[in-house]
Participant: 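Dumping the structure here so I can ask a few things about it.
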Amino acid sequence: MTMEKTVGKYTALPPSSYRRNVVEVARSLLGAVLAHYSDEGFTAGIIVETEAYRGSDDPACHAARGKTPRNYVMFGPPGRAYVYFIYGNHYCFNVVTGTEGQGEAVLIRALEPLDGLELMRKRRGMGHKIINLTSGPGKLCAAMGISREHNGITVLAPPLFIASGIGVEDARVAVSTRIGIKQGRDIPWRFYLKENAFVSR
DNA sequence: CGGGAGATGGGCT
DNA sequence: GCCCATCTCCCGA
């Protein structure tokens, strides 16, 4: 049996949540909560936008051309964080899914802030509106204090974990192609909450 | 407002 | 040397 870990008001999702097809996991993480305890304080937000990247048959996936020093975490066990640096300025946070060796992960693209709003604003720079704190993959990493040091750690328990949140009915979920890629741009593996103001543009 | 260019640095060929 | 799962600012309307 799996013992789910409760921290404060949040209960971490069990490992079985990630041992499924990456597209299913991407859909199921909508409404879940990403939470982080750091030296600076606690921050958390509801996941409102995700994308699936699937192993060797998906040209947009970092894992498509095999294991490298950057992407090796994707080939490890599910339930770990894959964090990478992009465009010289930003980090992107993913969760590894499926079974070890497949090389698939869900990119978390946007959050609706729940806890630690002041800390988020401090990390992002003063003068930012709430709507601008976590409405994009690079923005949410900055607001949550996620960077390369988190690459490879588990998201099954603190300091960085994903917890169960609100249930989301299919009627509230929109599906589209993925953002910001060229290869594989026709594949509809982006999921987001309809009419949620924190979804990226 | 919406679109576009520039910033910026690591990964990979 | 080119590509990149992004963000911000600045411009024109």
Side-chain angles (χ1 to χ4, degrees), chain A residues 18 21-30 32 34 43 45 47-76 78 80-98 102-113 120-152 155 160 162 174-193 195-201:
Chain A
Y18 307 102
N21 177 289
V22 67
V23 179
E24 268 180 60
V25 179
R27 160 65 181 85
S28 70
L29 287 180
L30 292 178
L34 178 62
T43 50
I47 296 171
V48 299
E49 180 181 357
T50 61
E51 285 178 357
Y53 287 86
R54 187 173 77 186
S56 56
D57 65 342
D58 173 10
C61 183
H62 287 178
R65 291 181 204 84
K67 198 184 290 189
T68 70
R70 177 174 66 159
N71 70 18
Y72 73 95
V73 171
M74 290 187 86
F75 292 91
R80 290 191 184 170
Y82 169 48
V83 181
Y84 65 89
F85 186 64
I86 190 71
Y87 293 118
N89 283 310
H90 311 288
Y91 292 95
C92 289
F93 170 78
N94 304 249
V95 191
V96 178
T97 69
Q102 284 184 317
E104 58 180 49
V106 174
L107 170 69
I108 307 301
R109 283 194 59 88
L111 304 175
E112 177 171 334
M120 289 185 182
R121 189 177 274 116
K122 179 182 161 197
R123 285 168 168 158
R124 290 272 294 129
M126 295 304 179
H128 277 293
K129 297 175 182 172
I130 290 177
I131 201 67
N132 223 11
L133 291 177
T134 54
S135 53
K139 295 179 192 177
L140 75 88
C141 280
M144 294 288 294
I146 297 171
S147 62
R148 52 187 340 107
E149 76 212 64
H150 300 101
N151 188 40
V155 300
L160 181 62
I162 298 177
V175 182
S176 79
T177 55
R178 296 170 292 182
I179 302 288
I181 58 171
K182 290 179 181 171
Q183 303 277 319
R185 66 170 159 274
D186 296 331
I187 304 175
W189 284 350
R190 173 174 177 247
F191 301 89
Y192 61 96
L193 294 189
E195 301 180 13
N196 184 288
F198 298 90
V199 171
S200 71
R201 282 170 298 134

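Letters A, B, ... mirror the listed sequences (proteins, then strands); counts begin at 1.
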Participant: Please classify the nucleic acid contact of T68(A) as base, sugar-phosphate, or nothing, using heavy-atom distances under 4.0 Å.
Facilitator: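 Contact class for T68(A): sugar-phosphate only.
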
Participant: Scan residues 133-152 of chain A for pairs that pass salt bridge (charged side-chain N to carboxylate O under 4.0 Å, His left out), counting only residues two or more places apart or in two chains.
Facilitator: none

Participant: Quick one: are V22(A) and V96(A) in side-chain contact, heavy atoms under 4.5 Å?
Facilitator: no

Participant: Looking for any heavy atom pair under 4.0 Å, which part of the strands does R70(A) touch: base, sugar-phosphate only, or nothing?
Facilitator: sugar-phosphate

Participant: Listing request: all salt bridge (charged side-chain N to carboxylate O under 4.0 Å, His left out) pairs with a residue in residues 175-185 of chain A, at least two apart in sequence or in separate chains.
Facilitator: D58(A)-R178(A)

Participant: Output all residues satisfying salt bridge (Lys or Arg N to Asp or Glu O under 4.0 Å) with R80(A), sequence neighbours left out; order by chain, then residue number.
Facilitator: none

Participant: Starting at the 5' end of nucleotides 8-13 of chain C, put B wherever the base has a protein heavy atom under 4.0 Å, S where only the sugar-phosphate does, and a dash everywhere else.
Facilitator: S-----

Participant: Using ring-ring contact (aromatic ring centres under 6.0 Å, His included) as the criterion, list what pairs up with H150(A), not counting sequence neighbours.
Facilitator: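 Here the qualifying residues are H36(A).
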
Participant: Test of understanding: with side chain to side chain contact (heavy atoms under 4.5 Å, CB included), list the residues that count as partners of N196(A), not counting sequence neighbours.
Facilitator: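 N196(A) satisfies side chain to side chain contact (heavy atoms under 4.5 Å, CB included) with V48(A), E112(A), L193(A), F198(A), V199(A) once adjacent residues are dropped.
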
Participant: Going by the salt bridge (charged side-chain N to carboxylate O under 4.0 Å, His left out) test, which pairs reach into residues 122-138 of chain A, not counting sequence neighbours?
Facilitator: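 Output for this query lists E40(A)-R123(A).
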
Participant: Give, ordered by number, those residues of residues 85-97 of chain A having at least one heavy-atom distance below 4.0 Å to an atom of DNA chain B; if nothing qualifies, reply none.
Facilitator: F85(A), Y87(A), G88(A), N89(A)

Participant: The criterion is ring-ring contact (aromatic ring centres under 6.0 Å, His included); which residues satisfy it with Y91(A), sequence neighbours excluded?
Facilitator: F85(A)

Participant: Taking only residues two or more places apart in sequence or in another chain, which ones pass salt bridge (Lys or Arg N to Asp or Glu O under 4.0 Å) with E51(A)?
Facilitator: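 If we apply the salt bridge (Lys or Arg N to Asp or Glu O under 4.0 Å) test to E51(A), skipping adjacent residues, the hits are R109(A).
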
Participant: For a 4.0 angstrom threshold against heavy atoms of chain A, report the outermost contacting nucleotides of DNA chain B in 5' to 3' order.
Facilitator: dA7(B) to dC12(B)

Participant: With pairs defined as Watson-Crick or G-U wobble and both distances under 3.5 angstrom, please note down DNA chain C as a dot-bracket string, | for pairing with another strand.
Facilitator: ||||.|||||||.

